[in-house]
Amino acid sequence: MNAIDATKVSKQYSSTTALDRVDLTVEEGETFGFLGPNGAGKSTFINILLDFAKPSDGQVEIFGADCQRNGVEARERVGVLPEGYSVIERLTGRQHIEYAIRSKDAHGTNPLDILDRVGIRDAADRKASGYSKGMAQRLVLGMALVGEPDLLLLDEPSTGLDPNGAAEMRQILREENERGATIFFSSHILEQVEAVCDRVGILQNGELVAVDTIEGLRESMGGGTKLVLTLDELHDSMLTEIEGIDGVETVASLGDSTIEVTCTNDAKMDIVVALHEAGIEVMNFKTEEASLEDMFIEYTGSRGR
Amino acid sequence: MNWQLIARKDFIDTANQRSTRVLLSLVAMATLLAGYIYPLTVSEEAATTTATFSTYAVGWLTTLVPLVGVLLGYASVVSERESGSLLLKLSLPISREDVLVGKYVSRTGLLTATIVGSLAIAGWLVVYPFGTLDLLPFVGFVVLTALFGAIWTGIGMAVSLLVSTKRRALVLGVTVFFLLVIVWDTVVNALALALEGLGITDGELPDPLQFVVGLEPGRLFRRITEGFVDPNATVDGAWYLSEWIALVLFVVWLVGPLGLAYLRFSGVDLS
C-alpha cells in the first residue's frame, strides 16, 4: 500500500488554478521532498491531504483512506506539521504534547521525552503562546512525533528555525525514516531537500513538472557539470575562446584567473585538453555536480515561463 | 471520536472567562429574582405553585437567554479558525464534527447547568414558605428552559460556523438576536395595532398570522409552557397553534440552524 496516492488532483479558485491534475505516489518508507517556489501550490496540495481544503477534482488517499471522506482515519497514522497554524491558547508546551497523546490514544508516551527530542524541554511548562516561531515549530514537530506515526507530513518544516535548528530537524527526520516512517515534506529551500530526500517532486504553477530521484533529475538534465578552473593567467579574449570549445554551455570569470565553465558531463576532458592545446596552462581543476538548486532553477525558470 | 477532548478543553476555557461568568450570572440573577418576586405578585399566596411560576418566569427569560446563548456561541469556532489553532487541532485525528459537537456540548452544558441550578433555587423561593411544589410540571419547565438555551447557543454557534472572522460573527449574531427578539415583538405589536386600527381585526391576529409570528423561538417557548406546564394558562386557536406543534417547531429550531450551518462548514476550505 502507498503512503500517499493522489489521482488527478485539481484545485480551482474562482479565477486561478492552484493545482492542475496532480498525480503523485509516495511509497511507504521513502523520504519525499515536495519542492517549488512560493505560490506553486505545495500548501494547497498538503491542505487537501489534511482536508483543510476540498479538491475541485480528483482524489487523495493516505494509506488507502480517502482524505476527504475518511479524514480522521487517514490522519490517525500521520504526524502533521501544518502551515498557518497557531498554538492552542492557554496550553503549555507539555500540555500540547499531552493533547496530541490523547487525540491519538498514544498513552504511555512521555511528553517530556518528546520535548527533549525536539529541544524545548526547558520550556515545557511555559505557555506555548509565548513561544517564538522556531519554538512553536519544534513543539508542533513534537506533536507530530507522538504515537510513532507511519507518515510524517510537514509543510515547510524549517520555517522560523535557525540553521542549527534546521539541521536538528533534518536529523529527526532521518531517525524517523530509519524507524520506518514515510516522510513527506515541502520546502522552497533546496539544500534541505537535497540532504535528506530519496525522491523529489517539483511543483510549478500548480503542475508537477518533475518527480524523480536527485540523481535521476541530474541525468535527465544531460548530466550538467560545473568545472572550476584556475589558469596561470586570464585575459578577456580567452573567455570567448573557451566558449567556442565544443560542449561548453557557459563561461564566467570568478576573478583571480579562475573561471567557471558549465558543460555536459562528457565534455569535461575535451575542454581541458582543448585548453592545453590552445596554450592555456591549467593550474587547478575541480568539478562540481550540478546542485539541486541549478536543476530547480532550470525547471522552474525555463519551464515556468 | 475525539469530541470529548475538545469539550473538556473548551469547558475549562469558557468557564474561566470573565465574560462567560458575567453572562451566566445574569441568567442566574434574573431567574432568582423572578423566583423571589413571583410570590409577591400573586394576591393569594397559597395559590403560588412552581407550575404557575413557569409562565411568569418565561417573561424574564425570553430576552436574556437568547442574548446569553448567542454571546456564548458566536466566537466558539470562528475565533480558533481566525487564529489558526483550529488547523492545529484538525491536523490531529480530530474531525470538524468533533470540534462542533465538543464545543456545543461544553457551551450548552454551561448554560444548562446555570439554568438548572438557578431554577432549582428559584423554585425553592416560590415554594417557601407558602407555595406548593408541583414537581413534575416544574421539571418539565426546567427541561424546556434548558432546551431554549440550547436553541440560542446553537444559533450562536451556527453563526460561528458560517463566517470566517470573529467580528463578522459578532455582527451577524447580534443582528439575528435583534431581529428575532427585539424587532420581532415590535413589528408584531405594530402589525396588531395597524390591523385593529383598520378595523380588520378586534386586536387579536388571525390564526394563520399568529402561526407565522409565533414561529419565533421565544413565542414557541411561551406557548409550550402555557400548554404543558402552567395549569392556569390555556392555548387556544387552530390546531396548528397547539402546544404539540409548537414542540415540534421547537425541536426544528434546536437542530435546524446548527445542522444547516454545519453542512456548509463541513465543505468549506479552511486554509
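Every chain is numbered from 1, with letters handed out A, B, ... down the list of sequences.
No part of B:Ile12 comes within reach of chain A, as not one of its non-hydrogen atoms sits under 4.5 angstrom from that chain. For B:Arg81, no part lies near chain A; criterion is any non-hydrogen pair under 4.5 Å. Only the backbone of B:Ser266 comes within less than 4.5 Å of a heavy atom of chain A; no side-chain atom from C-beta onward does.
Most heavy-atom pairs under 4.5 Å with chain B: of the set A:Lys104, A:Arg102, A:Glu73, this distinction falls to A:Arg102. The most heavy-atom pairs under 4.5 Å with chain A, out of B:Asp13, B:Val268, B:Leu270, come from B:Asp13. Among the candidates A:Leu91, A:Thr44, A:Leu50, the residue making the largest number of heavy-atom pairs closer than 4.5 Å to chain B is A:Leu91.
Of the charged side-chain nitrogens involved, none lies within less than 4.0 Å of a carboxylate oxygen, so that A:Glu89 and A:Lys127 do not count as a salt-bridged pair. A:Asp57 has no carboxylate O lying under 4.0 Å from a charged side-chain N of A:Lys11, or vice versa, which leaves the two without a salt bridge.
One side chain, A:Thr92 or A:Gln95, offers a donor N or O that lies under 3.5 Å from an acceptor on the other. A donor-acceptor contact under 3.5 angstrom links the side chains of A:Asn47 and B:Ser271, judged on distance only.
The six-membered or imidazole ring of A:Phe185 lies away from that of A:Phe34, with a centre-to-centre distance of 6.0 Å or more.
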